[in-house]
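Worksheet for the structure shown next.
Values below: all heavy atoms of this structure, side chains included; hydrogens, waters and symmetry mates excluded. Numbers here simply count residues along the sequence, with the first being 1.
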Amino acid sequence: MLAGAGSGKTQVITSRIVHLLKNKRIPPEEILAVTFTNKAAKEMQERVTAAAGKASQGMVISTFHSLAVRILRRDIRRLGYKPSFSIYTESDQSGVLRQAMRDLELDPKQHNPDSIRWRISLAKNRLISPEAYPKDSTDPLDSATAVVYPRYQRLLKAFNAIDFDDIIMLAVQLLETLPEVRDYWQRRFRYLMVDEYQDTNTCQYRLIELLAELHGNLCVVGDDDQSIYGWRGAEVQNILSFEQQRQGCLVVKLEQNYRSTGTILAAANAVIRNNRTRSDKALWTASDEGETIGQIVADDEESEAHLVVEQLQLAQYQQRRPWRDFAILYRSNTQSRTFEEALRMEGIPYILVGGQKFFERKEVKDTLAYLAVLANPQDEASLVRIINFPRRGIGDTTMLRLNQWSLEHNTILFNALARVAEIEGIAEGARKTVSAFHSLLRQELANLKPNQLAAQAKALFKRLGIDDELHRTLGDHNQARKRIENIEQLVSALAAFEERYPEAGIADFLERIALTEDNRRETGEDKQPQDAVTLMSLHASKGLEFPHVYLVGMEEGLLPHHRSADEDPEVAEERRLCYVGITRARERLTISRCLTRRKYGTKEERSPSRFLAELPPQLLAGGRSEVEDAPPADMGMDFFARMLTE
């Protein structure tokens, strides 16, 4: 069943189960329905129970992992584990992994344990065993993973434990290698249904194939146009090749949408049809055409946030809507910063889904701490935070000696750094490192000049090698790049502030941030309000819907994201992300973009997203001209700077 966005696929699966139970008289214990989340499984169970009553007792509706645990509890002893095995949490896994690295004498400073754990997880999702993991990689982390993975797995088994990724992989191993186990489960479940099939990875796909092999009674529901999790192992080909792999397969297309207006669906269809490899379907609705798609073209990201929030406020007031009817969707979590500040300034409650608030992110706190020390060298908490970031080899013993000396001589820690040569108990190498660090800070303090703060911060962070540090410690290029983009956003925020107030200093910038954060806590805004605007990434928005949606940052480099465009010139998954964003809107969709956007404080010109050119002009408010033309000059305002000064 190819189920387009908003076509009621959960209801269709529920109806099919009820049909099997009530009309076909299939014993409930022979029916298995599998989905991805506990929430989805619970919702499906409740619907089936409401419709079929006692006739549903005994059937299994579960997540992939719950199903696999059921298989393991019965037969895992055949793999050398006890049935009372433990499932290790992420922190437990990290402990075992670090032990494996110690056993192998691998330095965690050279080989980031979290990155190795991520690679092991991907391998398991692709059914790559420790023995089969490639051992000839030129990537140092991959080479380390090839060594650590077998030792890590042996340790888990010695503890009679498995990790989260083992659950399905070991269940597949049981079914593949033991015919009697496979036969039992194939006869136990004669009718299989799988929801969100487009999101299955290699491991999940193989589990379902093995269970359905005997009877072939397999019904999968999904939408290849909403396959947006390729980065975590999902294989869109699993659903695209389903029909070709099964002779006599019946394909049912669910193309009627019960959520959105005709205009919104026409826009979604126009964009997604540009993907070359997809199933042939098009959404339609019996509802009205609705409003044309709104457009906002702003001077920069601060103006974009201001204009979006201004429109949102007006719509909320005119239509007497609750705040929860509005959502702002973006490609990257780094984009949340300007919208958070704009909403806060206007006193509009909001919920940030799937990410930390901007100024609470570790890399932002670390770089802010450098600015705090430059603003006030007596800020010892900030100095302690940065003294070994990036890592300089200043250890706990050195810090203890420095602190003790500053206390004994009744002086600040910053002064203790300057006199490190006088302090006993510190190794010569550490003395040189501390002295170099102090000299660096002294030089930066001497060079502080109004209206050049953003440029100096950018130069300082480059001199420190923070980008290299994040790549080295995280190991994962994409994760490192996301954190680097957050630091770029911080520098851009500082540039926006000093552009409006050239004579202001770093202390003024930090003060406004602190006051804003304190005000949020005092007023309770840091708690999750019941009625609030939703801020979330496009990935997090899948499965949700809102009457009013603002799809922001529709520019080349953001949507499609430059990393994805580099990896896939056809940007198929990015186009699917755009499609998901469009189809979250029920009544009103507004698209926004910027003419310029700051990167490390420097304004760069931006090009409209290629997906905008795929939208028919008649669907857009004002037609194509609004996408191509610049906004009036008075539309560009430095909103973040205004927030910091009012």
Using the six-membered ring of Phe389, assess whether NZ or CZ of Lys362 lies under 6.0 Å from its centre and within 45 degrees of the ring axis. yes
State the [atom1]-[atom2] distance between [X] and [Y], to the nearest 0.5 angstrom.
X      : Y      : atom1 : atom2 : answer
Asn333 : Leu535 : CG    : CG    : 10.0 Å
His111 : Met101 : NE2   : CE    : 6.5 Å
Arg151 : Asp103 : CZ    : CG    : 4.0 Å
Tyr579 : Ile582 : OH    : CD1   : 9.5 Å
Glu340 : Ile328 : CD    : CD1   : 10.0 Å
Thr145 : Asp139 : OG1   : CG    : 8.0 Å

Under 3.5 Å: donor-acceptor pair, side chain of [X], backbone of [Y]:
X      : Y      : result
Thr596 : Asp299 : yes
Glu573 : Gly230 : yes
Gln456 : Glu444 : yes
Gln335 : Arg331 : yes
Thr534 : Ile351 : no
Glu363 : Asn486 : no
Arg593 : Glu556 : no
Arg401 : Thr397 : no
Arg431 : Ile423 : yes
His539 : Ile228 : yes

Closest approach of [X] and [Y], non-hydrogen atoms and distance?
X      : Y      : value
Lys542 : Asp199 : NZ-OD2, 3.2 Å
Ser382 : Ala369 : CB-O, 3.7 Å
Pro390 : Ile466 : CG-CG1, 4.0 Å
Leu494 : Ala457 : CD2-CB, 4.1 Å
Ala372 : Leu510 : CA-CD1, 3.5 Å
Leu559 : Ser609 : O-OG, 2.6 Å

Under 3.5 Å, is there a donor on one side chain and an acceptor on the other for [X] and [Y]?
X      : Y      : value
Arg463 : Gln443 : yes
Gln153 : Asp166 : yes
Glu574 : Ser564 : yes
Asp300 : Ser303 : yes

Any non-hydrogen side-chain atom of Ile116 less than 4.5 Å from a side-chain atom of Ile120? yes
Any side-chain heavy atom of Ile386 within less than 4.5 Å of one from Val373? yes
Matching residue for Arg598 among Lys603, Glu604, Gln489, Glu488 - test: side chain to side chain contact (heavy atoms under 4.5 Å, CB included): Lys603
Can you list the steps and then say if Arg117 with Asp163 is a salt bridge (charged side-chain N to carboxylate O under 4.0 Å, His left out)? CA-CA 11 Å; Arg117 183 163 55 82; Asp163 65 24; over 6 Å; no
Parallel, tilted or perpendicular: rings of Tyr370 and Phe461 (30°, 60°): perpendicular
Determine the interplanar angle of the Phe509 and Phe497 rings, folded into 0 to 90°, and report it as parallel if under 30°, tilted if 30 to 60°, perpendicular if over 60°. tilted
Verify the neighbour count for atom NZ of Lys462: are there more than 12 heavy atoms of other residues, nucleotides or ligands below 6.0 Å? no
More than 12 heavy atoms of other residues, nucleotides or ligands under 6.0 Å from CZ of Arg276: is that the case? no
Would you call Glu304 and Arg606 a salt bridge, using N to O less than 4.0 angstrom? no
Option among Arg563, Lys599, Arg337 that satisfies the salt bridge (charged side-chain N to carboxylate O under 4.0 Å, His left out) test with Glu485: Arg563
